[in-house]
Amino acid sequence: MSIAIALPEGMRTRNRPTLPEALLRAGSPRESSNPYHNALEQLDIAAQYLELDPGMHEILKHPQRELTVHFPVKREDGSTQVFTGYRVQHNIARGPSKGGIRYSPLTDIDEVRALAMWMTWKCAIVNIPFGGAKGGVVCDPKTLSNSELERLTRRYASEISIVIGPTSDIPAPDMGTNAQTMAWIMDTYSMTQGHTVPAVVTGKPVAVGGSEGRNDATGRGIVFITREAIRESGLDLRGLRVAIQGFGNVGGVAARLFAEAGAKVVAVSDANGGLYNADGLDIAALRDCTNRDGTLTTHGGGDTIGTRELLELDVDVLVPAATENQITAENADRIKAPIIIEGANGPTTPAADRMLHERGVFLVPDVLANAGGVVVSYFEWVQDLQFFFWQEEEVNAKMEAIMVRAYRDVRTMAKRENVDMRLAAHLIGVKRVADASTLRGIYP
Ligand code: GLU
C-alpha cells in the first residue's frame, strides 16, 4: 500500500517508505516509561520517514555532551548531603544549546537526555538559532529551605559552569525551578567571570535582565496554539471546554489565559488531585488557594477528581501540562477530548500516540505546543546580548507570529504527508538539524 504524497523540497524520493512501512520498520512500540526510549523511538520513525542517512541518524541518537556532577550541600541541621545533577547537550548544529533545568526527585540521566533531545527538535521547529540541552538535579525542592535551595543551586551552577555560557549553553527554568533559581545561577556564573553575564540563563526576574512576558510565555503559547488548532473545526476560544492537568508555570498560566479569553476551564489538577466544575472553575481563586495551602484541592469550587481521571473527561480540549507518560496505551482509548494540546514535555507515549491517531484524536505535540517558553527565552537572550529591552506587547506579538507560523508549517506538513502532527513536527525539526549538520560537515 502506498500513500500519494507531495514531497517537501530536498527530501529523497527513492525507496521512500510510506508511513505504515516506516512504523513497521521502526518496530511495534514497546510501551516504555523511559522517556529517552520514547524519544529515540520518535526519532526512529522520523528518520525512517525522511530516509535519513544511517550515520546522521546515529549522530542524532546520541547526546553530544553529558556532564554528571555529585556535589555536597550543607543542610540546615549542620549535616552534609551529596546531590547528583546533570547537564546534557544533545545537539549544537544550529546554535548554542538551550534548555531548562529540572529539580525533581524522579529525574535521572535518561529523562534529561530525552528532554535535551526534545529541545533540539523544538528549537528547530520554531526556527530559533539554538540546539538542545537540559539539566536536572535529583532533589525534592519542597523539602528544602530557601537557603538550602540557594546553596544547592549555586553549587550546581558552579559544577556545570564548565559547560554553560552565553554563547555555548543557556539554561532556563523547568519543573521545580523558577526565576529566582535563574537569578542565583546568573549571579554564581557572573562571580567566576568578574562581571555580570545576564545572557548565561533565561527566565530570570525582569529586575536582573529577564524579559517582559517570559513568565507567562509557555502558557500564552499554549493558548495561541489551541486557537489555531480549533479554528479548523470552526470553534472559538469563547465557551471552549478545557481540562488542564498541571497547575504550575505551564498549566496554571494557561488556565488563567484561557479563562481571560472566554474559555471555560472545567477541570484542573495539581500533584495532589483535581477539581471539576461543568460551569467553569474560578482560576484566580484556585491560584490564591494554591498560594495559601500549596494545593488547589482544598478549594471547594468544584468536585474532587483524580489527576488521571481528569484526562478522561468529556471536554473540547485536553491540555496535559504536568509531566511525562500520562497518556499511555493503558488509558489512550478512554480519552474523550477530540483535541489534545501538550503543555508538558513527553506526556504521551508512542504507543498511545498511535492509538489516538487511529481514533482521529488531533494532538498538537509538546515540541510545538509548549515552545512559547523557549521562543521568549530566545528574545530574552537577544535583549541581554544587546542590553536593549522590549515592551511586553512587542514580546507577545513577536512570539505569537513565530508560534502561528510554526503551527502552520507543521499543519501543512501533516496534511501533505498524511501523518499526525507529532511526526510532521519531527520531520521538520529533524530535517532542519540534519541539514545544518550536513552543511557543517564532520570535524576534523
Ligand atoms: N523548560 C522549557 C522547555 O521545556 C523552557 C526552556 C528554555 O526556555 O530554554 O521548553
Side-chain angles (χ1 to χ4, degrees), residues 35 39 86-92 94-104 107 111-137 160 164-179 181-182 185-186 198-205 209-222 225 246 248-254 320-324 341-347 364-384 395 399 402-403 406 425 429:
Y86 311 98
R87 184 71 186 171
V88 172
Q89 299 170 355
H90 173 256
N91 190 284
I92 57 167
R94 299 181 71 259
S97 49
K98 187 86 193 77
I101 290 170
R102 173 170 294 200
Y103 287 179
S104 157
T107 199
E111 183 187 55
V112 179
R113 284 171 173 152
L115 292 163
M117 185 187 283
W118 287 326
M119 285 309 302
T120 301
W121 313 143
K122 192 185 299 186
C123 293
I125 290 158
V126 291
N127 214 358
I128 56 176
F130 288 135
K134 208 81 175 196
V137 177
I160 66 164
I164 65 170
T167 56
S168 54
D169 179 12
I170 304 116
D174 197 79
M175 270 168 65
T177 59
N178 56 27
T181 322
M182 297 306 116
I185 296 177
M186 188 274 268
V200 67
V201 287
T202 60
K204 301 177 293 296
S211 176
E212 295 291 348
R214 175 62 185 87
N215 190 61
D216 288 359
T218 311
R220 193 176 295 281
I222 298 279
I225 290 291
N249 185 253
V250 182
V253 172
T323 187
E324 293 107 54
I341 310 286
E342 292 188 330
N345 292 310
V364 184
D366 45 12
V367 284
L368 170 63
N370 72 28
V374 76
V375 167
V376 178
S377 276
Y378 167 52
F379 298 158
E380 178 172 333
W381 180 73
V382 167
Q383 292 170 81
D384 287 340
V395 169
M399 188 260 278
I402 289 183
M403 296 297 284

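Just follow the structure's listing: the first ligand is 1, and inside any ligand the first atom is 1.
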* Asked: Just heavy atoms, cut-off under 4.0 Å: does L115 contact ligand 1 by side chain, backbone, both, or neither?
  -> neither

* If you have a sec, work out which protein heavy atom is nearest atom 9 (O) of ligand 1 and how many Å separate them, to one decimal? => K98 NZ, 2.8 Å

* Could you tell me which atoms of ligand 1, counted from 1 in the order shown, lie closer than 4.0 angstrom to a heavy atom of M119? => 3 (C), 4 (O), 6 (C), 10 (O)

* Quick one: pull up CH2 in W118 and CD1 in I125 and give me the separation to the nearest 0.5 Å. => 12.5 Å

* **R220 vs V376 side-chain heavy atoms within contact, under 4.5 Å** => no

* Structure fact -> Atoms of ligand 1 under 4.0 Å from any heavy atom of K134, numbered from 1 in the order shown, are 1 (N), 3 (C), 4 (O)

* Asked: Do I101 and I185 come close enough that some side-chain heavy atom pair is under 4.5 Å?
  -> yes

* Test item, R102 contacting ligand 1 (heavy atom, 4.0 angstrom) -> no

* Asked: Backbone N or O of T177 within a donor-acceptor pair of the D174 side chain at under 3.5 Å?
  -> no

* Asked: Which of the atoms in ligand 1, numbered in the order shown and given with their element, are less than 4.0 Å from a heavy-atom of S377?
  -> 7 (C), 8 (O), 9 (O)

* **Minimum-distance pair of heavy atoms, taken over all atoms of P365 and A425** => CG-CB, 4.0 Å

* Asked: Do any heavy atoms of P173 fall under 4.0 Å from ligand 1?
  -> yes

* Asked: Can you find a pair of side-chain heavy atoms, one from P171 and one from R87, that are under 4.5 Å apart?
  -> yes

* Does at least one non-hydrogen atom of M175 fall below 4.0 angstrom from an atom of ligand 1? -> no

* Would you check whether G99 reaches within less than 4.0 Å of ligand 1, judged by its heavy atoms? => yes

